[in-house]
Amino acid sequence: MTDTNEWFLENHDHLRDLGIEIDDQREGFIRLTLPHEASLTNPGSEAIQGGVVATLIDHAGGAAIRTTLPDPMSTPHATTELNVSYVRPAAADLTAEATVVRSGRSMGVVEVEVTMPTNEGEKTVAVGRVSLHLDRE
């Protein structure tokens, strides 16, 4: 599983350009980080653009589901639904923690929370749910 998720980050131009990194992963869970960069923010703002946050949630969902697959490189999987609720502006480095709710034969569901450090401690930036089609034979 580790090699597969590292491979995705190294070989997907968009994800590599964003700077997403794996902090921790185990079966059914992954923690990713995304550094705050001015190039990712809305013009005239310190807030990371919402589409970038959604991409982080989407990738976290796929990466988490891959930790449950015996052979993730040979098991086709794709997002079928992405739900994102933004809680506050993403104005610092981001951490996404994704937990698999279900990894079935043909469908997976993952919950994701994105946080950032503040003077008052970690604060939630967005929460999401990713549903994925799994093609287990």
Side-chain angles (χ1 to χ4, degrees):
M1 93 179 108
T2 301
D3 293 340
T4 302
N5 281 329
E6 290 290 347
W7 184 90
F8 267 83
L9 288 176
E10 292 169 6
N11 290 282
H12 190 291
D13 292 344
H14 181 59
L15 297 175
R16 186 177 58 244
D17 291 348
L18 289 174
I20 296 171
E21 295 183 359
I22 298 170
D23 265 3
D24 184 26
Q25 66 178 326
R26 56 189 175 275
E27 186 173 351
F29 174 83
I30 194 158
R31 180 181 306 115
L32 303 173
T33 57
L34 174 67
H36 185 279
E37 297 288 337
S39 64
L40 303 178
T41 63
N42 289 313
S45 168
E46 290 294 313
I48 294 175
Q49 200 272 337
V52 174
V53 176
T55 297
L56 178 61
I57 289 171
D58 186 36
H59 179 65
I65 210 73
R66 282 191 287 277
T67 68
T68 69
L69 303 174
D71 188 3
M73 290 297 278
S74 297
T75 307
H77 52 285
T79 300
T80 57
E81 182 180 22
L82 175 65
N83 175 278
V84 179
S85 296
Y86 299 96
V87 177
R88 65 178 38 85
D93 294 346
L94 302 179
T95 299
E97 291 191 349
T99 304
V100 174
V101 175
R102 175 158 166 65
S103 180
R105 186 171 155 350
S106 63
M107 176 158 222
V109 177
V110 181
E111 292 181 345
V112 184
E113 180 180 19
V114 178
T115 61
M116 70 177 180
T118 71
N119 292 336
E120 295 85 37
E122 290 291 311
K123 297 281 188 171
T124 300
V125 169
V127 292
R129 185 184 63 248
V130 183
S131 298
L132 302 105
H133 169 72
L134 306 175
D135 191 10
R136 297 191 201 220
E137 293 184 8

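Bear in mind the structure is a predicted one, so any value in this text is a computation, not a measurement. Computed over heavy atoms, backbone and side chain alike; hydrogens, waters and symmetry mates excluded.
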Does any N or O in the side chain of [X] come within less than 3.5 Å of the main-chain N or O of [Y], such that one atom is a donor and the other an acceptor?
X	Y	result
T80	S131	yes
R136	T75	no
N5	A63	yes
R31	T95	no

Taking all non-hydrogen atoms of both residues, which atom of [X] and which atom of [Y] are closest, and how far apart?
X	Y	result
V110	G61	CG2-O, 3.6 Å
G128	I57	CA-CG2, 4.1 Å
Y86	A54	OH-CB, 3.7 Å
N83	S85	OD1-OG, 4.0 Å
L34	L40	CD1-CD1, 4.2 Å
I65	G108	CD1-CA, 3.9 Å

Just how far is it from atom [atom1] of [X] to atom [atom2] of [Y], taken to the nearest 0.5 Å?
X	Y	atom1	atom2	value
E97	E113	CD	CD	7.0 Å
T41	Q49	OG1	CD	9.5 Å
H36	I48	NE2	CD1	5.0 Å
H133	M107	NE2	CE	10.0 Å
L32	L9	CG	CG	7.0 Å
T79	D58	OG1	CG	3.5 Å

Q: Take E27 and V100 through the test side-chain contact (heavy atoms from CB on, under 4.5 Å) and record every step on the way to the result.
A: CA-CA 9 Å; E27 186 173 351; V100 174; over 6 Å; no
With a 4.5 Å cut-off on side-chain heavy-atom distances among I, L, V, M, F, W and Y, is there a chain of contacts connecting [X] to [Y]?
X	Y	value
V109	L69	no
L82	L132	yes
V112	L134	yes

(Q) With side-chain hydrogen bond (donor to acceptor under 3.5 Å, both in side chains) as the criterion, how do Q25 and T67 come out once you've worked through the C-alpha distance, each side chain's angles and the decisive distance to 0.1 Å? (A) CA-CA 8 Å; Q25 66 178 326; T67 68; over 6 Å; no
Let me check something: any side-chain donor-acceptor pairs from residues 15-24 under 3.5 Å, sequence neighbours excluded? List them with distances.
from: R16; atom 1: NH1; to: E10; atom 2: O; distance (Å): 2.6
from: R16; atom 1: NH2; to: D13; atom 2: OD1; distance (Å): 2.6
from: D24; atom 1: OD2; to: R26; atom 2: NH1; distance (Å): 2.8

Q: Report yes if the side chains of P117 and E122 come closer than 4.5 Å at any heavy-atom pair, otherwise no.
A: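 Yes - at least one pair of side-chain heavy atoms lies under 4.5 Å apart.
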Q: Please step through side-chain contact (heavy atoms from CB on, under 4.5 Å) for the pair V87 and V125, ending with a clear verdict.
A: CA-CA 5 Å; V87 177; V125 169; 6.0 Å; no
Q. Does the side chain of S74 come under 3.5 Å of the side chain of D71 through a donor N or O and an acceptor N or O?
A.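 The answer is yes; a qualifying pair exists.
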Q: Please test H77 against S103 for side-chain contact (heavy atoms from CB on, under 4.5 Å), starting from the C-alpha separation and ending with a verdict.
A: CA-CA 11 Å; H77 52 285; S103 180; over 6 Å; no
